[in-house]
Amino acid sequence: MPLRHSVRIRWHLDDAIAFGPGKADLLAAIRDCGSISSAARKLDMSYRRAWLLVEAMNRCFDPPLVASATGGSGGGGARLTDSGLAVLAEFEQLQQRVQALIEASRPAFERHARRALTT
């Protein structure tokens with residue numbers, strides 16, 4: 001089995017996780033679906049969990065990343081603000097840059113790694 005890696009980028013603000021892969025996935029789903037509830041269903045997440053994550057992001061960023069409208073006869077919905085779109089794009093680019101750095105380092109680590117241990 002070849003060497004594997006795992007990197008989980010998280011931005012913290014005080015004691016809160018301001019942004020990370022799960023919140024990026026939620027923002028992308030809100031962008032694609034147009035609502036928090038649809039995004040939650042797409043990610044197999046409860047609406048409450050999705051709403052709490054949106055609230056946490058909006059508390060950590062100014063301006064907020066998600067703008068939502070209350071449902072009703074005209075329907076509700078949510079959309080990413082310009083700031084939300086920018087943060088999501090920057091995070092996706094950051095993940096790509098980190099992945100490229102890791103792949104560039106892989107040969108050096110593989111040269112020194114033992115063969116997979118068998119149990």
Side-chain angles (χ1 to χ4, degrees):
M1 177 181 287
L3 281 176
R4 296 184 322 263
H5 73 278
S6 66
V7 175
R8 194 159 176 90
I9 302 166
R10 289 188 175 124
W11 292 102
H12 296 261
L13 181 63
D14 298 325
D15 291 334
I17 297 172
F19 206 77
K23 289 177 179 171
D25 291 344
L26 180 57
L27 281 191
I30 292 169
R31 178 197 61 208
D32 297 345
C33 296
S35 76
I36 296 170
S37 60
S38 295
R41 279 191 299 276
K42 179 178 181 178
L43 298 174
D44 197 28
M45 174 187 301
S46 74
Y47 174 79
R48 177 168 168 67
R49 176 80 176 133
W51 180 251
L52 291 173
L53 291 172
V54 167
E55 282 185 325
M57 284 186 280
N58 282 349
R59 277 193 311 275
C60 291
F61 289 90
D62 187 28
L65 305 185
V66 178
S68 60
T70 305
S73 62
R79 65 172 182 78
L80 301 191
T81 63
D82 290 342
S83 184
L85 291 167
V87 166
L88 179 59
E90 185 61 38
F91 190 79
E92 289 170 341
Q93 291 170 13
L94 174 60
Q95 286 182 303
Q96 290 171 0
R97 291 191 305 266
V98 168
Q99 185 65 32
L101 285 170
I102 289 168
E103 291 305 320
S105 298
R106 178 183 300 280
F109 281 89
E110 286 179 340
R111 277 195 304 273
H112 299 286
R114 285 199 237 176
R115 294 190 180 266
L117 302 175
T118 57
T119 56

Gap between atom CZ of R59 and atom CG of L13 - 0.5 Å precision
10.5 Å
ILVMFWY cluster, F109 and V98 together (side-chain gap under 4.5 Å):
no
How far apart are the C-alpha atoms of L53 and M45, what are their side-chain angles, what is the distance that settles it, and do they pass the side-chain contact (heavy atoms from CB on, under 4.5 Å) test?
CA-CA 11 Å; L53 291 172; M45 174 187 301; 4.0 Å; yes
Distance (rounded to the nearest 0.5 Å) between S37 OG and W51 CH2:
11.0 Å
Exercise: identify the closest heavy-atom pair between G77 and S35:
CA-CB, 4.1 Å
Spacing of CG belonging to L94 relative to CD1 belonging to I9, to within rounding of 0.5 Å
4.0 Å
Looking at residues at least two apart in the chain, or sitting in another chain, which of them share a salt bridge (Lys or Arg N to Asp or Glu O under 4.0 Å) with E92?
none
Show your working on side-chain hydrogen bond (donor to acceptor under 3.5 Å, both in side chains) between E103 and Q99 and close with a plain yes or no.
CA-CA 6 Å; E103 291 305 320; Q99 185 65 32; 3.0 Å; yes
Which atom names give the shortest non-hydrogen contact between P63 and S83, and what distance separates them?
O-OG, 3.6 Å
Note: R8 and G22 closest approach over all heavy atoms is NH2-N, 4.5 Å
Does atom CZ (R106) have a neighbourhood of more than 12 heavy atoms from anything else shown, all under 6.0 Å?
yes
Please say which of D32, L80, L85 ends up in a side-chain contact (heavy atoms from CB on, under 4.5 Å) with L27.
L80
When rounded to the nearest 0.5 angstrom, what is the spacing between CD1 in I36 and CZ in R41?
12.0 Å
Are R97 and E90 within salt-bridge range, i.e. N to O under 4.0 Å?
yes
Tell me the closest heavy-atom pair linking N58 and P64, and the distance in Å.
OD1-CB, 3.3 Å
Do you reckon V66 sits in the same ILVMFWY cluster as L52, going by side-chain contacts under 4.5 Å, direct or chained?
no
Y47, OH atom: more than 12 neighbouring heavy atoms under 6.0 Å
yes
Between A18 and M57, which heavy-atom pair has the shortest distance, and what is it?
O-CG, 3.7 Å
According to a hydrophobic-cluster definition based on side-chain heavy atoms being under 4.5 Å apart (Ile, Leu, Val, Met, Phe, Trp, Tyr only), do F61 and I17 belong together?
no
Looking at L65, is its backbone amide N or carbonyl O close enough to the side chain of T81 to form a donor-acceptor pair, meaning the two atoms are under 3.5 Å apart?
yes
dist F91:CZ -> K23:NZ (nearest 0.5 Å) comes out at 10.5 Å
Distance from L3 atom CG to I102 atom CD1, nearest 0.5 Å?
12.0 Å
Taking the side chain from R31 and the backbone from G84, do they hold a donor-acceptor pair closer than 3.5 Å?
no
